[in-house]
Amino acid sequence: MFMNNSSEGLVVLPKCHEPVDIVREEEGFVLLAKPAGLLSVPGRNRANYDCVLGRIQLEYPHASMVHRLDFDTSGIMVVARHKRAHAAISRQFEQRTTRKMYIAIVSGQLSAPHGEIAMAIAPDKERRPRYKVCEKNGKPSLTRYRVVSYDAATDTSRLVLMPVTGRSHQLRVHLSAIGHPILGCQFYAPEVIQNAAPRLLLHAQELEFASPDDGARVVGRSPCPF
């Protein structure tokens, strides 16, 4: 359960006791596996100091964050070890030349075995920190998906998700918008689906990009824990 800090009006997040695992170390970057329930960078509330960046800088003092995963999402991440590597990898995220693959378990059975969700996303100013589909003021957002399996007993589907854009909460918002919210999602799922899993069932399984050291393709993987 999240606690409220009355002095700041900000949520105090529960402590994450799981480690950040180093998957691969190179001259310019580190691939790591983030556990669910850990911030990527320090939170606005000073009590939420524990994060991926803070932990990784204990071993790599000059490390900097290239991209983020949500607090509730687990999986593969890349952290730059120096400024040149940061610029080179960040450019790939900006130009969408990276390849990202997630695994999710969602409510219901999708009508098609694969497809695309193209819906613009904007901050929900009335319900921060949530986001919403908003074609008028939102940023264009695209998610590709493929159904891996359907479990009739639980009426849930396992999906492979391939976001083309990288908006905040994109996968959660898109899947909720088409009527298939992710299990364990506290923001965009009905209460019964929120309580259907002990955590958000969303995991970043693969990340591919060009090495800032020699340009070779790098594929980082983190096995799905659910």
Side-chain angles (χ1 to χ4, degrees), residues 12-105 148 158-163 166-172 182 184 197-226:
V12 177
L13 299 171
K15 175 70 175 178
C16 177
H17 298 286
E18 295 184 55
V20 172
D21 292 328
I22 302 300
V23 175
R24 177 174 170 180
E25 176 187 1
E26 298 292 344
E27 188 274 328
F29 65 91
V30 175
L31 283 169
L32 58 88
K34 178 184 111 53
L38 182 66
L39 293 168
S40 293
V41 297
R44 289 173 57 205
N45 190 324
R46 290 188 297 273
N48 298 327
Y49 63 90
D50 188 27
C51 62
V52 171
L53 183 60
R55 292 189 188 188
I56 209 73
Q57 284 180 336
L58 294 175
E59 187 169 352
Y60 306 95
H62 301 293
S64 58
M65 193 62 65
V66 175
H67 66 122
R68 304 181 188 184
L69 291 179
D70 290 341
F71 173 79
D72 297 316
T73 305
S74 57
I76 195 75
M77 296 184 70
V78 60
V79 174
R81 294 186 62 183
H82 50 66
K83 290 183 178 180
R84 181 179 58 79
H86 186 278
I89 302 174
S90 294
R91 191 178 308 115
Q92 296 177 59
F93 277 90
E94 293 167 2
Q95 297 175 350
R96 301 174 188 169
T97 58
T98 60
R99 183 182 64 84
K100 296 168 282 185
M101 189 186 83
Y102 291 71
I103 301 295
I105 297 180
V148 176
R158 179 178 290 267
L159 308 181
V160 169
L161 304 170
M162 293 153 286
R167 312 300 178 201
S168 295
H169 290 194
Q170 176 176 318
L171 300 178
R172 292 200 259 183
I182 301 175
R199 53 156 290 188
L200 177 72
L201 297 189
L202 179 64
H203 178 78
Q205 183 163 276
E206 288 190 9
L207 173 64
E208 182 176 352
F209 59 97
S211 169
D213 300 327
D214 57 12
R217 295 303 292 179
V218 175
V219 180
R221 295 185 177 90
S222 171
C224 185
F226 53 80

J.: Go through the steps to decide whether Leu161 and Leu202 satisfy the test side-chain contact (heavy atoms from CB on, under 4.5 Å), and finish with yes or no.
T.: CA-CA 10 Å; Leu161 304 170; Leu202 179 64; 4.1 Å; yes
J.: Please confirm whether the backbone N or O of Leu69 pairs with a side-chain atom of Ser40, one donor and one acceptor, at under 3.5 Å?
T.: yes
J.: Where is the tightest heavy-atom contact between Ala36 and Asp72, given as atom of each residue plus distance?
T.: CB-O, 3.5 Å
J.: Going through the distances and angles, do Leu200 and Ile182 end up as a side-chain contact (heavy atoms from CB on, under 4.5 Å)?
T.: CA-CA 7 Å; Leu200 177 72; Ile182 301 175; 3.7 Å; yes
J.: Could you check whether any side-chain heavy atom of Pro42 comes within less than 4.5 Å of a side-chain heavy atom of Asn48, counting everything from C-beta outward?
T.: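 Not touching, per the 4.5 Å side-chain cut-off.
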J.: Considering non-hydrogen atoms only, spot the tightest contact between Lys100 and Gly166 and give its length.
T.: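 Where Lys100 meets Gly166 most closely, the heavy atoms are NZ-CA, 4.0 Å.
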J.: What I want to find out is whether Arg217 reaches Glu208 closely enough, with some N-O distance under 4.0 Å, to be called a salt bridge.
T.: yes
J.: Grab the two heavy atoms, one from Ala210 and one from Gln92, that are nearest each other, plus how far apart they are.
T.: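 Closest pair (atom of Ala210, atom of Gln92, distance): N-OE1, 2.7 Å.
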J.: For a 4.5 angstrom cut-off between non-hydrogen side-chain atoms, does Met101 reach Gln205?
T.: yes
J.: Give me the atom names and distance for the closest heavy-atom approach of Thr73 to Ala204.
T.: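 Taking every non-hydrogen atom into account, CG2-N, 4.4 Å.
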J.: Within this structure, what is the CG-CE distance for the pair Leu171 and Met162, rounded to the nearest 0.5 Å?
T.: 10.5 Å
J.: To the nearest 0.5 Å, what is the distance between NE2 on His169 and CZ on Arg172?
T.: 4.5 Å
J.: Checking Val41 against Arg68 for the side-chain contact (heavy atoms from CB on, under 4.5 Å) test, could you report, in this order, the C-alpha distance in whole Å, the side-chain angles of both residues, the deciding distance, and whether it holds?
T.: CA-CA 8 Å; Val41 297; Arg68 304 181 188 184; 3.5 Å; yes
J.: Tell me whether Asp21 is salt-bridged to Lys34, with the criterion being a basic N under 4.0 Å from an acidic carboxylate O.
T.: no
J.: With a sphere of 6.0 Å drawn around CZ of Arg55, does it hold more than 12 non-hydrogen atoms of other residues, nucleotides or ligands?
T.: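 Counting other residues, nucleotides and ligands, CZ of Arg55 exceeds 12 neighbours.
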J.: Considering only heavy atoms from C-beta outward, does the side chain of Glu206 approach that of Val219 to under 4.5 Å?
T.: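 SC-SC contact between Glu206 and Val219 confirmed.
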J.: To check you understand the geometry: which heavy-atom pair defines the closest contact between Ile76 and His67, and what is its length?
T.: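 So the minimum-distance heavy-atom pair works out to O-CE1, 4.2 Å.
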J.: Sequence neighbours excluded, which residues qualify as salt bridge (Lys or Arg N to Asp or Glu O under 4.0 Å) partners of Arg167?
T.: none
J.: Measure from the side-chain N and O atoms of His82 to the backbone N and O of Ala85, and report whether any donor-acceptor pair falls under 3.5 Å.
T.: yes
J.: Does any non-hydrogen side-chain atom of Glu59 lie less than 4.5 Å from one of Val30?
T.: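 No, their side chains stay 4.5 Å or more apart.
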J.: Under a 4.5 Å cut-off applied to non-hydrogen side-chain atoms, are Arg96 and Pro163 in contact?
T.: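 A side-chain contact under 4.5 Å is absent here.
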J.: Output the distance between atom SG (Cys16) and atom CG (Asp50), rounded to the nearest 0.5 Å.
T.: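 Result: 6.5 Å between the selected atoms.
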J.: Can you tell me how far NE2 of His17 sits from CG of Leu38, rounded to the nearest 0.5 angstrom?
T.: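 Reported to 0.5 Å precision, the distance equals 11.5 Å.
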J.: Given the rule in the side-chain contact (heavy atoms from CB on, under 4.5 Å) test, do Phe209 and Phe93 qualify, once you have shown the distances and angles that lead to the verdict?
T.: CA-CA 9 Å; Phe209 59 97; Phe93 277 90; 5.7 Å; no
J.: State which residues pass salt bridge (Lys or Arg N to Asp or Glu O under 4.0 Å) with Arg24; sequence neighbours excluded, sorted by chain then number.
T.: Glu26
J.: Only one of Val79, Ile22, Val218 passes side-chain contact (heavy atoms from CB on, under 4.5 Å) with Leu31; say which it is.
T.: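 For Leu31, the side-chain contact (heavy atoms from CB on, under 4.5 Å) check succeeds only for Val218.
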J.: Closer than 4.0 angstrom, basic N to acidic O: yes or no for Glu27 and Arg81?
T.: no
J.: Just jot down the ring-ring contact (aromatic ring centres under 6.0 Å, His included) partners of Tyr102, sequence neighbours excluded, or say none.
T.: none
J.: How far apart are the closest heavy atoms of Ala33 and Ser222, and which atoms are they?
T.: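 Here Ala33 and Ser222 meet closest at CB-OG, 3.8 Å.
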J.: Using a 4.5 Å cut-off on heavy atoms from C-beta on, say whether the side chain of Phe29 contacts that of His86.
T.: no
J.: First locate atom CZ of Phe71, then atom CG of Leu13, and finally report the distance between them rounded to the nearest 0.5 Å.
T.: 4.5 Å
J.: Could you state the interatomic distance from CG (Leu39) to CZ (Arg44), rounded to the nearest 0.5 Å?
T.: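 Taking CG in Leu39 and CZ in Arg44, the distance rounds to 12.5 Å.
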J.: Between Arg199 and Ser74, does any side-chain donor sit less than 3.5 Å from a side-chain acceptor?
T.: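 Side chains of Arg199 and Ser74: pair found under 3.5 Å.
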J.: Any side-chain heavy atom of Val20 within less than 4.5 Å of one from Pro35?
T.: yes
J.: So do the side chains of His203 and Pro225 get within less than 4.5 Å of each other, counting heavy atoms only?
T.: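 In contact.
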